[in-house]
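Structure record follows, encoded as structure tokens.
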Amino acid sequence: MSEERKSLNFLEQIIEEDLANGMPKENLRFRFPPEPNGYLHIGHTKAIGISFGLGEKYNAPVNLRFDDTNPAKEEQEYVDAIKEDVSWLGYKWDKELFSSDYFQQLYDWAVYFIKEGKAYIDSQSSEAMAEQKGTPTQPGVDGPFRNRSVEENLDLFKRMKAGEFNEGEHILRAKIDMQHVNMLMRDPIMYRILKKHHHRTANDWCIYPMYDWTHGESDYLEQVSHSLCSLEFKPHRELYDWFLDQVVTEDKLRPKQREFARLNLSYTIMSKRKLLKLVEDGVVNGWDDPRMPTISGLRRRGYTPTAIRKFVETVGVAKRENVIDVSLLEFCIREDLNKTAPRVMAVLDPIKVVITNYPEDKEEWFEAENNQEDDAAGFRKVPFSREIYIEKEDFKEEASNKFFRLKLGGEVRLKNAYIIKAESVLKDANGNITEVHCTYSDDTERRVKGTLHWVSIKHAVKAEVREYDRLFLDEAPDSHQDKDFMEFINPDSLKLVEAFVEPSLQDAEIGQRFQFQRLGYFNVDNDSSSDKLVFNKTVGLRDSWAKVKPQPAANTNANTNKQKPQQQSQRKAIDVIQKLGKKYTNLPDEKRLKVRSEILELAKDVTYDEVEPLFNTAVKKVGTRIAVALILKVLLENGQAKNDDVNSFIEKALEDKNELLVEEAKTFN
């Protein structure tokens, strides 16, 4: 029992305590209450996951309630988008409700408040009211209209409802305590005049309830047992309870508000207002632009519900605010797509290769595995001919021994095909290489270090590839008091590329996801058609931002050992990786994923000769063996060929008892 208890997050503990204290399990009911004034973003997935996750855990209903109390900013478009997003994430709500369903009841309660002397009409300017409200350290003072008679307040409130007054002339305030230590309790606004068309009630109302007044009463009307909010609403809990105190009856369940830390993500904006500015200013192409952190943007970019739910689960439920590195989200989509995405070949920056000893009129179709992670994925046929495209960066006239790709006089293996050797090049008038002339060998059993992806020119299909990068260059773009967040826009967040893909992709459908071998994960964009294929880059095979993260400033204290930075910079990457690997299996999920990214980045500076001695590391040193697997992953992606020693290491890793090592071993092509 104690072990089960430890696994509960603090919200689950609250619910378990309520059940233990006599709350019937059938009384549990949760809700997700978005305001339909914008599209949901990645931050909302935590709130969605918490409420719907608890619903799944306790087999309890969850309402989807739209808090639509501000007609100036709300639209049916946002309602429809929110419903689509929640459904796409895989959640089902019990009832679809709207705060506007309760406008009449809220109005009737407000009249009751006035009659009980607990609400009054204030007719001052907003500036005057703000001045009277005081500060967090100074109490407020009563305004001149606080002691209006019940009769006058009722008359004014009814006339407000009838539309006799202009916006801003009057408001209805709760009569609580202008000297209260919590400023939210200093006579908060309950109703204001807004002569705007409402997306559901049209022009039936011209006064609208405030969120704080509406929220708790809606929970009560729906008999929500636990009203779960993000931390910024913690100071509002006292007001939530005060409003409930005035209307609850003993025969009905009283909702309980509890707060959790919201999800903050590095290199990301979470404010709907600021996201709307990006849309309105044309920085992005709508709310579903793949660079946007909206759920619809992530969906269009190729993210999966499984990856997003795994991300939320890994982040967990916390009581304190923190910022999660966006690389964790990117890791989760890589991990999911590695298991599910078919492998295909595409060339994004082509250079022509002519295989001079291959017959001009000959073509062959080779069998290629679709996904080694999925036995049911099967195989496909890829065509081969005399002229092919490879990536421009995969060829150099001259290169060191660490370059495992194609160079003059060197050999590489073409994925699923032959071994070729570069013999000569053709150049244009500016000295740029236009063709690489090679010869091929059909002795494919020979060992060569590099393996390249390619596309037959004769069969290649043109496609537009949209290479997306992070939208902001700064980790916290809206945290600078002296700078506007727009100053940190990444000018290279979108790069359009004319690529060539293998013919099996000709009939790819919108939304399908693929791994372009050695390049990353891509999906078919909404703009794609039979006449023009369009792919979005979802994420690369590795975190390309790890190397550009700012390093901590050097310690300038005179007592600091001045030799330490120099010694640290001279440490070999393999040594740093070994140190990171020792504690790898003991780290919490979030920390472990960050260390994994560090190892993958450091692995770029490790040679095969350096890692080979670690292949036979003792079984008990599983962290080091996982680090070796990660290094091998990078080496193989960069052209290192598999050999008997590598295959032996992978086979042993697949049979290991440690799940983390087995998962890494499963990812090898």
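Owing to the predicted nature of the structure, the values given are computational and were not obtained by experimental measurement.
The CD1 atom of Ile42 lies 13.0 Å from the CE atom of Met292; values are rounded to the nearest 0.5 Å. Lys234 contributes atom NZ, which lies 12.5 Å from atom SG of Cys229 (distance to the nearest 0.5 angstrom). Of the inter-residue distances, the one linking Leu40 atom CG with Leu298 atom CG reads 11.5 Å to the nearest 0.5 angstrom. Atom-to-atom distance recorded for Ile121:CD1 and Ile114:CD1 is 5.0 Å, nearest 0.5 angstrom. Annotation: the span from Ile599 atom CD1 to Leu580 atom CG amounts to 5.0 Å, rounded to 0.5 Å. Between the OH atom in Tyr303 and the CD1 atom in Ile333 there is a gap of 6.5 Å [rounded to 0.5 Å].
Ionic pairing of Asp177 and Arg186 is not present here: no N-O contact between side-chain nitrogen and carboxylate oxygen is shorter than 4.0 angstrom. Salt bridge status for Asp122 with Arg146: absent, with no side-chain N to carboxylate O gap under 4.0 Å. The existence of a salt bridge linking Lys256 and Asp18 is confirmed by a sub-4.0 Å separation between a basic side-chain nitrogen and an acidic carboxylate oxygen. Between Arg254 and Asp241 there is a salt bridge, since a side-chain N of the basic residue sits under 4.0 Å from a carboxylate O of the acidic one. Using a 4.0 Å cut-off between charged nitrogen and carboxylate oxygen, Glu96 and Arg65 do not count as a salt-bridge pair. Using a 4.0 Å cut-off between charged nitrogen and carboxylate oxygen, Lys310 and Glu335 do not count as a salt-bridge pair. A salt bridge links Asp656 with Arg625: the closest approach of a Lys/Arg side-chain nitrogen to an acidic carboxylate oxygen falls below 4.0 angstrom. Between Glu222 and Arg29, no side-chain nitrogen of the basic residue sits less than 4.0 Å from a carboxylate oxygen of the acidic one, so the salt-bridge criterion is not met.
Within 6.0 Å of the CG atom in Asp204, the count of heavy atoms belonging to other residues, nucleotides or ligands exceeds 12. Surrounding NZ of Lys95 are at most 12 heavy atoms belonging to other residues, nucleotides or ligands under 6.0 Å away. Counting heavy atoms of neighbouring residues, nucleotides and ligands inside a 6.0 Å radius, atom CD of Glu26 exceeds 12 of them. Shown here is Lys175, whose NZ atom has more than 12 heavy atoms of other residues, nucleotides or ligands within 6.0 Å.
Annotation: side chain of Pro293 is not in contact with side chain of Leu265 (no heavy-atom distance under 4.5 Å). Residues Tyr102 and Leu97 form a side-chain contact, since some pair of their non-hydrogen atoms from C-beta on lies under 4.5 Å apart. Using a 4.5 Å cut-off on side-chain heavy atoms (C-beta onward), Lys118 and Phe243 make no contact. Annotation: side chain of His198 is in contact with side chain of Glu74 (closest heavy-atom distance under 4.5 Å). Counting heavy atoms from C-beta on, the side chains of Tyr91 and Arg309 come closer than 4.5 Å. Between Phe260 and Ile50, some side-chain heavy-atom pair lies under the 4.5 Å cut-off. Between Lys161 and Cys206 there is no side-chain heavy-atom pair separated by less than 4.5 Å. His180 has its side chain out of reach of Trp242: every pair of non-hydrogen atoms, C-beta onward, lies at least 4.5 Å apart.
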- Intermediate values then yes/no, salt bridge (charged side-chain N to carboxylate O under 4.0 Å, His left out), Lys274 and Glu280: CA-CA 10 Å; Lys274 292 176 180 177; Glu280 291 179 336; over 6 Å; no
- Query: Going through the distances and angles, do Asp288 and Arg299 end up as a salt bridge (charged side-chain N to carboxylate O under 4.0 Å, His left out)?
  - Reply: CA-CA 8 Å; Asp288 68 343; Arg299 178 167 62 243; over 6 Å; no
- Message: Test side-chain contact (heavy atoms from CB on, under 4.5 Å) on Glu601 and Arg542; report intermediate values, then the result.
- Response: CA-CA 8 Å; Glu601 188 59 34; Arg542 293 190 305 276; 5.5 Å; no
- Task: Evaluate the salt bridge (charged side-chain N to carboxylate O under 4.0 Å, His left out) criterion for residues Arg262 and Glu232: first the C-alpha distance (whole Å), next the side-chain angles of each, then the deciding distance (0.1 Å), finally the verdict.
- Result: CA-CA 9 Å; Arg262 65 180 180 178; Glu232 64 262 34; 3.7 Å; yes
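Judged by distance alone, the side chain of Asn21 and the main-chain N or O of Glu17 form a donor-acceptor pair under 3.5 Å. One N or O on the side chain of Thr268 and one on the backbone of Ser266 form a donor-acceptor pair closer than 3.5 Å. Panel note: side chain Arg513, backbone Gly302; a donor-acceptor pair is recorded below 3.5 Å. Without hydrogens or angle criteria, Tyr120 side chain to Gly117 main chain gives no donor-acceptor distance under 3.5 Å. The closest donor-acceptor contact from the side chain of Thr538 to the backbone of Arg301 lies under 3.5 Å.
Cation-pi geometry between Arg470 and Tyr267 is satisfied (NZ or CZ under 6.0 Å from the ring centre, within 45° of the ring normal). Arg200 forms a cation-pi arrangement with Phe98, by the criterion of a distance under 6.0 Å to the ring centre and an angle within 45° of the ring axis. The side-chain tip of Arg258 does not point at the ring of Phe233 from less than 6.0 angstrom away and within 45° of straight on. Annotation: cation-pi pair Lys272/Tyr39 absent, no NZ/CZ under 6.0 Å from the ring centroid and within 45° of its normal.
Listed here is the closest heavy atom pair of Ile193 and Ile207: CG1-CG2, 4.1 Å. Between Ser100 and Thr201, the closest heavy-atom pair is CB-CG2, 4.0 Å. Scanning both residues, Ala119 and Met190, for their nearest heavy atoms gives CB-SD, 4.1 Å. Here the closest non-hydrogen pair linking Val312 and Lys46 is CG1-CA, 3.9 Å. When all heavy atoms are compared, the tightest approach of Lys196 to Pro71 is CB-CG, 3.9 Å. What you find for Glu664 and Tyr584 is that their closest heavy atoms are OE2-OH, 4.3 Å.
Every pair tested for salt bridge (Lys or Arg N to Asp or Glu O under 4.0 Å) that includes a residue from residues 103-117 fails, sequence neighbours excluded, so the list is empty.
Between Tyr107 and Tyr191, the two ring planes are perpendicular [angle over 60°; tilted spans 30° to 60°]. Aromatic ring orientation, Trp109 versus Trp213: perpendicular (interplanar angle above 60°, classes split at 30° and 60°).
For Thr306, the side chain to side chain contact (heavy atoms under 4.5 Å, CB included) partners at least two apart in sequence or on another chain are Thr304, Asp336.
A ring-centre distance under 6.0 Å is not found for His236 and Tyr240.
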